[in-house]
Amino acid sequence: MKIYDTMQKKVVPFRLNKNRIVKMYVCGPTVYDSPHIGHAKTYIFFDALAKYLRAQGFQVFYVQNITDLDDKIITKAAQENLPTEIISKRYLMDYLKIMKSLKIDSVNLYVPATMEFRKIISQIKTLVRKGYAYETDDGVYFSVSRFPDYGKLSGQDLNSLRSGSRIDINENKRDPRDFVIWKKMKPGEPYWDSPWGKGRPGWHIEDTAITDAFLGKTYDIHGGGSDLIFPHHEAEIAIERSVSGRKILSRYWIHTGMLNIEGEKMSKSLHNYVTIDEVLKDFTPEDLRYALLNCQFNTQLSFSGELMEESRKNVNALSSIYNKLKQKAGDENMESDYSIINSLDSFLEYNIDFRGMFSKLMSYVSEWNKNLDAMDSREASLSLSALKWVNEFTGVIREGENSARSDDLIRLLLSARKSLRTAKDFSSSDAIRSGLRKLGVHIEDQGSETIWWYSDTEGE
RNA sequence: GGAUAGGUGGCAGAGCGGUCAUGCGUGGGACUGCAGAUCCCAUCUAAUAGGGUUCGACUCCCUACCUAUCCUCCA
């Protein structure tokens, strides 16, 4: 497998240790507001990546942080006149609920930054002791000049950063490039006690404390949106390598391209965002997963209504053939068709190209539709195995299965409907169809057979 | 100004130095009680501009122009 590594700025072979354990870390959200579909793009990709690696036989330990103390949370809390913990807890619950609704369930551990508070303090202490950080009137700063590799990940030149006029002039900093790792409390702000008085940690050191605690001083994959490359990931490298004394923090740096809308990055500050909840009112999680995976992960993707409509069609086509094949396969023992799976996998082997894989998959779907009538149960089962393989990590197929009891009820209704259709009582049979559709059950007549699946959204 | 990606048919978006991407859209047909889905045919004779290399370039090289992201909190 090969993958684009931001540090080396090219597609490189993905090599891992012999025991096939992958330690993976992805920067999670700051919990001060509901996530939008730009966030979804990143988290769905890493969900699919973790599941794909697991399907390939790797043991993936996937950790994500939650930034639950931060200026934005403080601002929000002040606006609502509530304690910061109430705000962060509310949006943490919101975030977890939404992740679940998007079928993102590959993360082994979500770690709120406040949980690793002791580690944060001990890291700052170490940095100060080793001379990498210094205390001022308003906080503790990391001294960038002490870390020559600063700028390597983002391709920034240290000197051009120094003269950068866009960096805030802060009298307390010895060097404008230095970044804060401990902020001393201002009146009215939440605080923790520390050797440097009351205050709170800076953003960058929250992550290094968590990775150090759960993944060690060197791990395999560090991921996040491309907007985190500078300064966040750059700062993480500077902090952790200064603490550990090692040459490498993460073996691979994987960054997802931004989601654009009308030619610009979707973001809170530009007020051009669409929340995940809003999209899920009109589309299924599968539709959104397909839409956001159907691109090169490290390039930008434009969001639009057409994109969602196109995805819905493709998800429908996949779900339709999936359920048709399933019906045809019956109880046939599942063997895997490796010729198909390998041809699909070849797209993932080179830079996890889900889009390329989908385009190949759609060609197979067309083939299967053509040959469906002539297929026997074994052939159907083989084709089905490829779809199951894809769905294992992409999660883009709507399956016609839920609890056994409701499945049985639906089958009962469909057999009644079949009798009505045979008797040409179409008004009654159509009433059953539209009634089921309102309950989120999609049905299609295939000659004398009827296939069905749960569509999640209510019928129009 | 610097860094990183790009500029392909109505849209999204691949690969490849000379042969169908794929999907959506559009037009027509088949099938169907109707929906839906599916299949067939067609549509689009695509490549930011200007040079160069070549028997031949969308694909390689150079130049110009343009777009987005980052250089400030941000997935």
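Proteins come first, then strands; the chains are lettered A, B, ... in the order of their sequence lines, and each starts at number 1.
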S.K.: Within the 3.5 Å criterion, strictly below it, is a donor on Glu444(A) or Thr450(A) matched to an acceptor on the partner's side chain?
M.R.: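 Looking only at side-chain atoms, Thr450(A) and Glu444(A) do not form any donor-acceptor pair under 3.5 Å.
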S.K.: Both atom distances under 3.5 Å, Watson-Crick or G-U wobble: I'd like the secondary structure of RNA chain B as a dot-bracket string, with | for pairs made across strands.
M.R.: (((((((..(((.....[...)))((((((.......))))))....(((((..]....))))))))))))....
S.K.: Go through the N and O atoms of the side chain of Asp430(A) and the base of G33(B), and report whether any donor-acceptor pair is under 3.5 Å.
M.R.: yes
S.K.: Are Glu85(A) and Asp68(A) side-chain neighbours, meaning at least one heavy-atom pair lies under 4.5 Å?
M.R.: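 They are not in side-chain contact.
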S.K.: Nearest heavy atom decides the nucleotide; on that basis, is Lys10(A) or Ser226(A) closer to the 5' end of RNA chain B?
M.R.: Lys10(A)
S.K.: Restricting to non-hydrogen atoms, name the atom on Lys360(A) and the atom on Ser343(A) that form the minimum distance, rounded to 0.1 Å.
M.R.: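 Shortest heavy-atom contact: CE-OG, 4.0 Å.
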S.K.: Is there a donor and acceptor pair closer than 3.5 Å between the side chain of Lys370(A) and the base of C39(B)?
M.R.: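 Checked by distance alone, the answer is no.
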S.K.: In terms of side-chain heavy atoms of Gln300(A), which of C70(B), G33(B), A68(B) is nearest?
M.R.: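 So the side chain of Gln300(A) is nearest to A68(B).
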S.K.: Rounding to an integer number of Å, can you tell me how far Phe230(A) CZ sits from C71(B) C1'?
M.R.: 6 Å
S.K.: What does Glu309(A) touch in the nucleic acid at a heavy-atom separation under 4.0 angstrom: a base, only the sugar-phosphate, or nothing?
M.R.: nothing
S.K.: Taking any heavy-atom pair under 4.0 Å as a contact, classify Lys324(A): base, sugar-phosphate, or nothing.
M.R.: sugar-phosphate
S.K.: Can you identify which nucleotide, out of C39(B), G36(B), C70(B), has its nearest atom closest to the Ser366(A) side chain?
M.R.: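 Of all the options, the side chain of Ser366(A) is nearest to C39(B).
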S.K.: Tell me what Ala317(A) touches on the nucleic acid: a base, only sugar-phosphate, or nothing, going by heavy atoms under 4.0 Å.
M.R.: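 The answer is sugar-phosphate, as Ala317(A) gets under 4.0 Å only of primed atoms, P, OP1 or OP2.
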S.K.: Mind telling me whether His442(A) and Trp453(A) have parallel, tilted or perpendicular rings, with 30° and 60° as the class edges?
M.R.: parallel
S.K.: Looking at C73(B), I'd like to know if its phosphate oxygens (OP1 or OP2) sit under 4.0 Å from a side-chain N or O belonging to Ser269(A).
M.R.: no
S.K.: In whole angstrom, give the distance that lies between atom CG of Leu270(A) and atom P of U72(B).
M.R.: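 Taking atom P of U72(B) as the reference, CG of Leu270(A) is at 16 Å.
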S.K.: Does Tyr4(A) make a side-chain N or O approach to OP1 or OP2 of A5(B) shorter than 4.0 Å?
M.R.: yes
S.K.: Considering only distance and modelled atom types, tabulate donor-acceptor pairs under 3.5 Å from the side chains of residues 40-50 of chain A, sequence neighbours left out.
M.R.:
residue, atom, partner, partner atom, Å
Lys41(A), NZ, Gly257(A), O, 2.7
Lys41(A), NZ, Phe297(A), O, 3.3
Thr42(A), OG1, Thr256(A), OG1, 2.7
Tyr43(A), OH, Cys27(A), O, 3.0
Asp47(A), OD1, Lys51(A), NZ, 3.4
Asp47(A), OD1, Asp105(A), N, 3.3
Asp47(A), OD1, Ser106(A), N, 3.3
Asp47(A), OD1, Ser106(A), OG, 2.6
Asp47(A), OD2, Lys51(A), NZ, 2.9
Asp47(A), OD2, Arg289(A), NH1, 3.1
Asp47(A), OD2, Arg289(A), NH2, 2.8

S.K.: Rounding to an integer number of Å, can you tell me how far Trp253(A) CH2 sits from U4(B) P?
M.R.: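 Rounded to the whole Å, the gap is 18 Å.
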S.K.: For the side chain of His36(A), counting heavy atoms from C-beta on, which of G33(B), A75(B), G2(B) is nearest?
M.R.: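 Of the candidates, A75(B) comes closest.
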S.K.: Could you give the CD-to-P distance, from Glu367(A) to U38(B), as a whole number of Å?
M.R.: 15 Å
S.K.: Applying a 4.0 Å non-hydrogen cut-off, can you work out what Tyr43(A) is touching in the nucleic acid: base, sugar-phosphate, or nothing?
M.R.: sugar-phosphate
S.K.: Of Gly155(A) and Asp445(A), whose closest RNA chain B nucleotide lies nearer the 5' terminus?
M.R.: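 This one resolves to Gly155(A).
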S.K.: Just how far is it from atom CG of Asn323(A) to atom CD of Glu399(A), taken to the nearest 0.5 Å?
M.R.: 7.5 Å
S.K.: Would you indicate what Gly223(A) reaches in the nucleic acid, counting non-hydrogen atoms under 4.0 angstrom: base, sugar-phosphate, or nothing?
M.R.: nothing
S.K.: Provide the distance between the two P atoms, one in A37(B) and one in C71(B), to the nearest whole Å.
M.R.: 44 Å
S.K.: Counting the atoms with a prime plus P, OP1 and OP2 as sugar-phosphate, which does Met258(A) contact under 4.0 Å by heavy atoms, base, sugar-phosphate, or nothing?
M.R.: base
S.K.: Taking NE2 from His233(A) and C1' from C73(B), how many angstroms apart are they, rounded to a whole number?
M.R.: 14 Å
S.K.: Test the Lys2(A)-Phe14(A) pair against the cation-pi criterion, namely NZ or CZ under 6.0 angstrom from the six-membered ring centroid and within 45° of the ring axis.
M.R.: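 Relative to the ring axis of Phe14(A), which defines the angle, Lys2(A) lies outside at least one limit.
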S.K.: So what does Glu444(A) touch, heavy atoms closer than 4.0 Å: a base, only the sugar-phosphate, or nothing?
M.R.: base
S.K.: Indicate, yes or no, whether a donor-acceptor pair under 3.5 Å links the base of A21(B) to the side chain of Arg355(A).
M.R.: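 By the distance-only test, no, there is no pair.
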S.K.: Using the P atom as the reference point in each nucleotide, state the distance between U22(B) and C39(B) in Å, no decimals.
M.R.: 13 Å
S.K.: Assign the ring pair Trp253(A) / His255(A) to parallel, tilted or perpendicular, where the plane angle (0 to 90°) is split at 30° and 60°.
M.R.: parallel
S.K.: Reckon Phe179(A) touches a base, only the sugar-phosphate, or nothing at all at heavy-atom distances under 4.0 Å?
M.R.: nothing
S.K.: Does a nitrogen or oxygen in the side chain of Lys313(A) sit under 4.0 Å from OP1 or OP2 of G25(B)?
M.R.: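 For Lys313(A), the contact criterion (side-chain N or O under 4.0 Å from OP1 or OP2 of G25(B)) is met.
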S.K.: Has the side chain of Arg433(A) got a donor or acceptor atom sitting under 3.5 Å from an opposite partner on the base of G36(B)?
M.R.: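 Under the 3.5 Å cut-off, the side chain and the base do not form any donor-acceptor pair.
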S.K.: With rounding to whole Å, what would you report as the distance between A12(B) and A64(B) at their C1' atoms?
M.R.: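 Looking at atom C1' only, A12(B) and A64(B) are 28 Å apart.
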S.K.: For the P atoms, the ones on U45(B) and on G6(B), what distance do you get once it is rounded to whole angstrom?
M.R.: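 Their P atoms lie roughly 27 Å apart.
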S.K.: Within the structure shown, what part of the strands sits under 4.0 Å from Leu228(A) by heavy-atom distance: base, sugar-phosphate, or nothing?
M.R.: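 Sugar-phosphate: the residue Leu228(A), judged by heavy atoms under 4.0 Å, touches backbone atoms but no base.
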S.K.: Taking His36(A)'s backbone N and O only, do any of them form a donor-acceptor pair with His39(A)'s side chain (distance below 3.5 Å, no angle check)?
M.R.: yes
S.K.: Under 4.0 Å, heavy atoms only, any strand: does Ile451(A) hit a base, just the sugar-phosphate, or nothing?
M.R.: nothing
S.K.: Is it the case that C24(B) (base atoms only) and Asn314(A) (side chain only) share a donor and an acceptor within less than 3.5 Å, ignoring hydrogens and angles?
M.R.: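 Under the 3.5 Å cut-off, the side chain and the base do not form any donor-acceptor pair.
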S.K.: Just to be sure I understand the rule, does Gly224(A) reach a base, reach only the sugar-phosphate, or reach nothing, if contact means heavy atoms closer than 4.0 Å?
M.R.: sugar-phosphate
S.K.: Taking atom P in both G10(B) and A49(B), compute the distance separating them and give it to the nearest angstrom.
M.R.: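 G10(B) and A49(B) have their P atoms separated by 14 Å.
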S.K.: Starting at CD of Glu264(A) and ending at P of A75(B), how long is that distance when rounded to a whole Å?
M.R.: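 So the CD-P distance, Glu264(A) to A75(B), works out to 18 Å.
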S.K.: Pick base, sugar-phosphate or nothing for Pro231(A), based on heavy-atom distances below 4.0 Å to the nucleic acid.
M.R.: sugar-phosphate
S.K.: Look at all strands and tell whether Ser434(A) reaches a base, only sugar-phosphate, or nothing, counting heavy atoms closer than 4.0 Å.
M.R.: nothing
S.K.: Provide the distance between the two P atoms, one in U19(B) and one in G56(B), to the nearest whole Å.
M.R.: 15 Å
S.K.: Please report the distance separating the C1' of A57(B) from the corresponding atom of G51(B), rounded so that it comes out in whole Å.
M.R.: 14 Å
S.K.: Can you tell me if Lys424(A) touches the phosphate of C34(B), counting only side-chain N or O atoms and a distance under 4.0 Å to OP1 or OP2?
M.R.: no
S.K.: Within 45 degrees of the ring normal and closer than 6.0 Å to the centroid, is that where the cationic atom of Lys326(A) sits relative to Tyr322(A)?
M.R.: no
S.K.: Regarding Ser383(A) and Trp368(A), do their side chains bring together a donor and an acceptor under 3.5 Å, going by distance alone?
M.R.: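 Yes, Trp368(A) and Ser383(A) have a side-chain donor paired with an acceptor closer than 3.5 Å.
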S.K.: Taking any heavy-atom pair under 4.0 Å as a contact, classify Ile443(A): base, sugar-phosphate, or nothing.
M.R.: base
S.K.: Sticking with atom C1', work out how far C16(B) lies from A21(B), rounded to a whole angstrom.
M.R.: 10 Å
S.K.: Please give, in whole Å, the distance from A37(B) P to Arg398(A) CZ?
M.R.: 12 Å
S.K.: Please report, rounded to the nearest Å, how far the P atom of A14(B) is from the CG atom of Asn298(A).
M.R.: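 Taking CG of Asn298(A) and P of A14(B), I get 10 Å after rounding.
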